[in-house]
Amino acid sequence: MVKVYDVSEYKVVHTMRYPAPLLSIAISPDNTHIAAGMTDGTFSIRRRDPKASEEREGDDEREALRQGAYEFFATGMLGNIGEGYVRPKQKSKPEGVPGEMKVVSQRKKKLKEYDRYLKSFKYGAALDSVLRKGVPPTVTFSLIQELVHRDGVRMALAGRDDVLLEPVVRLLLRHLTDPRFGEMACDMASIVIGLPLVSDMYGSVLGQSPIIDVLFVRLQRKLAAELRFQHEVAKLKGALDMVLATSALQQL
């Protein structure tokens, strides 16, 4: 909010309201424009039409400057030297508040770290950026799904040592039985512990890192238990379908 006071009586003669707190404000030399910058990134310019008396005074001063009259300099009508003359701009069609022009800066959307890596086809670095603490699993598995679509899962998993492989295996252990990510986690786990790929991707790691060996054993057991559980669920679903179908036939 900006309040305009009459300095002779210290009374408020005008109030201007803005949609956000102000950071800076400036007034044009001819007192016809007021510019304000706000905290939400908006730059507002408001214009007031000068009174007829103000326009006549301005015309007299400019005419005296052009003529170079001695009376103009002697009587002190020159005003503040150096301010110059600001030519009034053409009126633009107001939008919103009459007399106000807004210039909103379009900020360029900043990409996330994993988006930048994906853009440059650095799949391994993109996967590492979502395996850190504090990253929601929805973001992590969304990136894995994007890697699946790009056929880049094996590229992201290849060439990892025990330090870089550990967060991958721990992620699979945490979410292997999660209904939201179970199918994707099982597919990724089958790639990690699949026998045809071990010798190519992790032959230098297996047997050298006790932590990775323990995690691999846990992952393999958990994956086998989950597969057995899904088989039992499928059998139960088939039995329930038969019972429900028989019940429906008896009601007919």
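Within the structure, the ring pair (Phe, Tyr, Trp, His ring centres under 6.0 Å) test picks out no pair touching residues 151-171 (sequence neighbours left out). Here ring pair (Phe, Tyr, Trp, His ring centres under 6.0 Å) pairs that include residues 110-133, with residues two or more places apart or in two chains, number zero.
L171 and V148 fall within a single hydrophobic cluster, where Ile, Leu, Val, Met, Phe, Trp and Tyr are joined by side-chain heavy atoms under 4.5 Å apart, directly or via other members. In this structure, M184 is a member of the same hydrophobic cluster as V135, with clusters built from ILVMFWY side-chain heavy atoms closer than 4.5 Å. One hydrophobic cluster holds both M155 and L172 under the rule that ILVMFWY side chains link at heavy-atom gaps under 4.5 Å. I34 and M1 fall into different hydrophobic clusters, where Ile, Leu, Val, Met, Phe, Trp and Tyr residues are linked whenever their side-chain heavy atoms come under 4.5 Å apart, directly or through other members.
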Donor-acceptor contacts under 3.5 Å from residues 229-245 side chains, at least two apart:
residue : atom : partner : partner atom : Å
Q230    : NE2  : E226    : OE2          : 2.8
K237    : NZ   : D241    : OD2          : 3.4

Using distance only, find each side-chain donor-acceptor pair of residues 137-147 under 3.5 Å and give its atom names and separation, not counting sequence neighbours.
residue : atom : partner : partner atom : Å
T140    : OG1  : V130    : O            : 2.9
T140    : OG1  : P136    : O            : 3.3
S142    : OG   : T138    : O            : 2.5
Q145    : NE2  : H149    : NE2          : 2.9
E146    : OE2  : R150    : NE           : 2.9

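Contact record, Y5 with V12: CE2-CG2, 3.4 Å, taken as the closest heavy-atom pair. Of all the heavy atoms in S28 and D30, the pair that sits closest is OG-OD1, 2.7 Å. The two residues R132 and E113 have their closest heavy-atom pair at NH1-OE1, 2.9 Å. Annotation for A36 and L22: closest pair CB-CD2, 3.8 Å, computed over non-hydrogen atoms. Here the closest non-hydrogen pair linking A20 and M38 is O-CG, 3.7 Å. R160 approaches A156 most closely through the heavy-atom pair NE-O, 2.9 Å.
Residues passing the side-chain contact (heavy atoms from CB on, under 4.5 Å) test with L23, sequence neighbours excluded: T39. The side chain to side chain donor-acceptor pair (under 3.5 Å) test applied to R174 returns no partner, not counting sequence neighbours. Scored by the side chain to side chain donor-acceptor pair (under 3.5 Å) test, R221 finds no partners at all (sequence neighbours excluded). With sequence neighbours excluded, no residue forms a salt bridge (Lys or Arg N to Asp or Glu O under 4.0 Å) with R116. S8 pairs by the side chain to side chain donor-acceptor pair (under 3.5 Å) definition with D6, not counting sequence neighbours. Applying the side chain to side chain donor-acceptor pair (under 3.5 Å) test to D115 and every residue at least two apart in sequence or in another chain returns nothing. With sequence neighbours excluded, the residues forming a side-chain contact (heavy atoms from CB on, under 4.5 Å) with K11 are E9, listed by chain and number. With sequence neighbours excluded, the residues that form a side-chain contact (heavy atoms from CB on, under 4.5 Å) with I211 are E166, R170, S209, L215.
Among L131, D128, L173, the one residue that satisfies the side chain to side chain contact (heavy atoms under 4.5 Å, CB included) test with V168 is L131.
Residues L157 and L127 form a side-chain contact, since some pair of their non-hydrogen atoms from C-beta on lies under 4.5 Å apart.
Within a 6.0 Å sphere centred on NZ of K222, other residues, nucleotides and ligands contribute more than 12 heavy atoms.
The distance from atom CG of L176 to atom CD of E183, rounded to the nearest 0.5 Å, is 12.0 Å.
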| task | Go through the steps to decide whether H14 and K3 satisfy the test side-chain contact (heavy atoms from CB on, under 4.5 Å), and finish with yes or no. | result | CA-CA 6 Å; H14 188 66; K3 293 185 178 181; over 6 Å; no
